[in-house]
Amino acid sequence: MLYPLLLCLCPLLAHAARFTLTHDPHTSIIVENPAGGIVNNSAIIAGSGFSRAFPVSRKDSGISVNVRSISPATVKVDVASTDHAFVGANFTGDAATFWGVWEQPYTEGITNNGFNETLRGPNIGIDGMATARAPFFISSDGYGIYADSIRDASFNFTDSSAGFLFNSSAVTYYIIVADGPGDFKSIYREYARLSNTINLFAVSGYGPTFWTDDSTYTANWPKGVTNALEYHENLADILHTNNIHAASMFIDRPWGTGTMGWGNFDWDPEFFPNPRQFFANMSSRGYDIMAWVANRANEDTLFYNTSREHRWLWDGPDVNPGNSLGPAVNLSNPDTYGWVKDHLLNVSRVGLKGYKIDRGDENEFPDWAQHEQNALMAQLTYEVMKELYGPCQQGKPCHSYTFVRSAHDKSRQHVGLWNGDTGAGYDGLRMSVRSAIRAGLINFPIWGSDTGGYSGQRTVEVWASWMWFSCFSPVYELKIGKDNNPWDEQWAPEMMPVLKKTTDLHHELVPFIQSYAYRSTKDGVPIVRALFLEVPQDTTAVAAVDDAYFFGEELLVYNFIEEGSHRSIYFPTGSRYVEYLGNSSTVYQGGSTIDFKRDSNSPPVFVKEGSIVPRGDIYRANNRWDPDWKPHLTVEIFPSYQVSESRFSYYVESLGRATTIEMATSRKQRCVTVHHGPLGADATLLMYSKAGKRSIPLPAKGGKVVLKDVISLFD
Ligand SMILES: *[C@@H]1O[C@H](CO)[C@@H](O)[C@H](O)[C@H]1NC(C)=O
Ligand SMILES: *[C@@H]1O[C@H](CO)[C@@H](O)[C@H](O)[C@H]1NC(C)=O
Ligand SMILES: *[C@@H]1O[C@H](CO)[C@@H](O)[C@H](O)[C@H]1NC(C)=O
Ligand SMILES: *[C@@H]1O[C@H](CO)[C@@H](O)[C@H](O)[C@H]1NC(C)=O
Ligand SMILES: *[C@@H]1O[C@H](CO)[C@@H](O)[C@H](O)[C@H]1NC(C)=O
Ligand SMILES: *[C@@H]1O[C@H](CO)[C@@H](O)[C@H](O)[C@H]1NC(C)=O
Ligand SMILES: *[C@@H]1O[C@H](CO)[C@@H](O)[C@H](O)[C@H]1NC(C)=O
Ligand SMILES: *[C@@H]1O[C@H](CO)[C@@H](O)[C@H](O)[C@H]1NC(C)=O
Ligand SMILES: *[C@@H]1O[C@H](CO)[C@@H](O)[C@H](O)[C@H]1NC(C)=O
Ligand SMILES: *[C@@H]1O[C@H](CO)[C@@H](O)[C@H](O)[C@H]1NC(C)=O
């Protein structure tokens, strides 16, 4: 059959596009962005397999290509073929750098140049499991490409070109150009609009969260503990005694009866004898509890028997038949989906507040089905929580938090991420820092890692560095267990002070993190930001930096990701910085490099001149050691006369929206003015200047403060 030739004759612009679009009569689509860069979509390709594709022309029979400009920043391209099962596109550029697609740092860094792989990623063992992925990448030439498909694909990034090919005879992709030179954040706003954004997950999701691999493991139990629930209560006691902030815990597998403790949709009466009472008790102590789930029907369980009887299980040559971790079901079948949902709902009624969704990338279904099956599992858990607590509503935190390892662009709305089971050494930490940055680059903003690693032997040095990294991650989760508790005798002298400092600070950063999470629900700009996202003028210098990131716009976070007592720190141009946590008032110039000495109590974290950092103790979580606890917010400011205006968009739960905190400085009058909307809690303004710290009470309802004779730290 001959497809009608849908040739768009340009210009076909219904609105003021900020680019010019031309296409050559054969294949290429050229988008010239006056704000910088050219998008050279040099070919549409089609073929019969991932490594069997060739350029096609729109004039070829059976090929349809429809090109339209749909917004001032975006060109939409629909490609379809009647003769080819695989279609895609190629892009060329001059020495461009490419980022995105995979959370997992297969490339040992944050850029993709020189790498080709399927979207689902290779399955390369426990440290390299496929994690989050999205058919989205950006180019240093100032554009992004988003392919709106749940099918599997391969992405190929050679030195200066990029290509993708979908296992699908049709695909729609978008070419998004930046608002201005280096304004990559504008590409994220458009990507978010075309795809989806996260929900504002429950505050308890940010942690600190404590968990253990197997709470039925009796060797783990302290004296007097007789079951797994008591183990968790005892853990809450330990945290309470040590005044360690925690907002949630999760119960890993096993927690039910039957093979591997999963599949009968019940609570094991031996280890979890009275779950309803336990959940009520933990809730009254300030904890939300999540539990492990997976699309795995372990043999001899209700899940397995039912699925077998109804022929819901995946089989076929691609599926690992003897998979000891249990076969999976086909959630695309509405009957299957409904059955799993009902059973998960029934067992969650005791008071679960979310899930850790494991697996999804271990050959339990054919590779090509991974993305969709994983997205369906994320949706299913969301729907269970919705049945129990109502839907997530715009502007309000959800009542639950679910996090996963294997996620696709289409799962984003429902989940945060943890990056899988990493090793406990620097390899694991290094990979985790890269994953955090890469997750941000594909708009998965809520992210955490197993602090100290999942497997292998920890050392004090790595664990301390990792605690600081988790402190400045959106989610701080920490795996504990036999011989791996920071309060164990062998660890306590060194680890407890770091645990205390990092969990205290993470707890205080929750207002800051949540404000950014709220923004992400609207604009898709992540919290953990690759340096180049924040410093358009310095993109080239920082394009590949994979051990540092901006936490929001204000904080520059470096990490110790290898052994050594020192590391070098580069300050991106355009701003000056001071240490955020130390007592040093040394000002670091943008463009300079310093040597930083390792100190487990003071990490290499810096604050940008002119910053506003709202932080404070506004969520009580497990704090029962202060019986008179009241929420209190501290708005830190770091005025600089070189920054005449700055603002922070601060999320206030009781308002269901953000208010603005603005700071203006005047060198002439040596004065700093702060305007703010309602803050939802008693607050203090804390100004950092050469005269030290100065605090001024702020009215909760909003107002204005004028500070005179300020000698800026940056003067
Ligand atoms: C686009 O790339 C193709 C292939 O590299 C090249 O032949 C063509 O000249 C480029 N077009 C522009 C406008 O740069
Ligand atoms: C562009 O398409 C061709 C198919 O002709 C393919 O062989 C080549 O690898 C593609 N380039 C990239 C960067 O994917
Ligand atoms: C990536 O490239 C290698 C070497 O050229 C090739 O063997 C492999 O099949 C490619 N992978 C994909 C997904 O195209
Ligand atoms: C990736 O693209 C380059 C350049 O076009 C090409 O040489 C190479 O064969 C491609 N690899 C795959 C696996 O398509
Ligand atoms: C492409 O997807 C189909 C299912 O739609 C599957 O049967 C086939 O194996 C896939 N091909 C590859 C190379 O993954
Ligand atoms: C709740 O936990 C506390 C502390 O472990 C304990 O003292 C109390 O008895 C528990 N209450 C119930 C109802 O289980
Ligand atoms: C599953 O079926 C097997 C027999 O096929 C039976 O022995 C087992 O008790 C069943 N398990 C459940 C939980 O139904
Ligand atoms: C999975 O379920 C869907 C919907 O019922 C069905 O169309 C599809 O064929 C199933 N896939 C397999 C491999 O059984
Ligand atoms: C629901 O859970 C209860 C225990 O809480 C159990 O007794 C009951 O059998 C379950 N119902 C179904 C349909 O699984
Ligand atoms: C900064 O100084 C205060 C008061 O002297 C001290 O308590 C704190 O530990 C110091 N912080 C660091 C990181 O050195």
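For the numbers below, each heavy atom of this structure counts, side chains included, while hydrogens, waters and symmetry mates do not. For ligands, and for the atoms within them, numbers begin at 1 and follow the listed sequence.
Set against the non-hydrogen atoms of Asn264, the atoms of ligand 7 under 4.0 Å away are 13 (C).
Between Arg133 and Glu103, no side-chain nitrogen of the basic residue sits less than 4.0 Å from a carboxylate oxygen of the acidic one, so the salt-bridge criterion is not met. Between Glu383 and Lys386 there is no salt bridge, since no side-chain N of the basic residue sits under 4.0 Å from a carboxylate O of the acidic one. For Arg120 and Asp361, the salt-bridge test fails: no basic side-chain N is under 4.0 Å from an acidic carboxylate O. Using a 4.0 Å cut-off between a side-chain N of Lys or Arg and a carboxylate O of Asp or Glu, Asp213 and Arg253 do not qualify as a salt bridge.
Within the 4.0 Å heavy-atom criterion, the part of Ala162 lying near ligand 2 is the backbone and not the side chain. Of all the heavy atoms of Asn156, the ones lying under 4.0 Å from any atom of ligand 2 are found in both the backbone and the side chain.
Backbone and side-chain nitrogen or oxygen atoms of Thr301 are examined, and none is located within less than 3.5 angstrom of a nitrogen or oxygen of ligand 7.
The nearest protein atom to atom 5 (O) of ligand 1, hydrogens excluded, is given as Thr92 OG1, 3.6 Å; this is a heavy-atom distance. Protein heavy atom nearest atom 6 (C) of ligand 2, with residue, atom name and distance: Asn90 ND2, 4.3 Å. At the shortest separation from atom 13 (C) of ligand 2 among protein heavy atoms lies Ser161 OG, 3.4 Å. Residue, atom and distance of the protein heavy atom nearest to atom 7 (O) of ligand 2 are Ala53 O, 4.5 Å. Counting protein heavy atoms only, atom 12 (C) of ligand 1 is closest to Asn40 ND2, 3.4 Å. Distance from atom 4 (C) of ligand 7 to its nearest protein heavy atom, with residue and atom name: Asn305 ND2, 4.5 Å.
With 3.5 Å as the limit, one finds a donor-acceptor pair spanning the side chains of Thr336 and Trp312.
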Distance-only criterion, 3.5 Å: show the donor-acceptor pairs between side-chain atoms of residues 437-444 and protein atoms not counting sequence neighbours.
from, atom 1, to, atom 2, distance (Å)
Arg438, NE, Trp102, O, 2.7
Arg438, NH1, Thr107, OG1, 3.2
Arg438, NH1, Gly109, O, 3.0
Arg438, NH1, Asn112, OD1, 3.4
Arg438, NH2, Gly100, O, 3.2
Arg438, NH2, Trp102, O, 3.2
Arg438, NH2, Asn112, OD1, 2.6

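Distance check for atom 2 (O) of ligand 1: a protein heavy atom is found below 4.0 Å.
Closest approach of Leu165 and Gly49 over heavy atoms only: CD2-O, 3.4 Å.
Qualifying side chain to side chain contact (heavy atoms under 4.5 Å, CB included) partners for Arg52, counting only residues two or more places apart in sequence or in other chains: Ser48.
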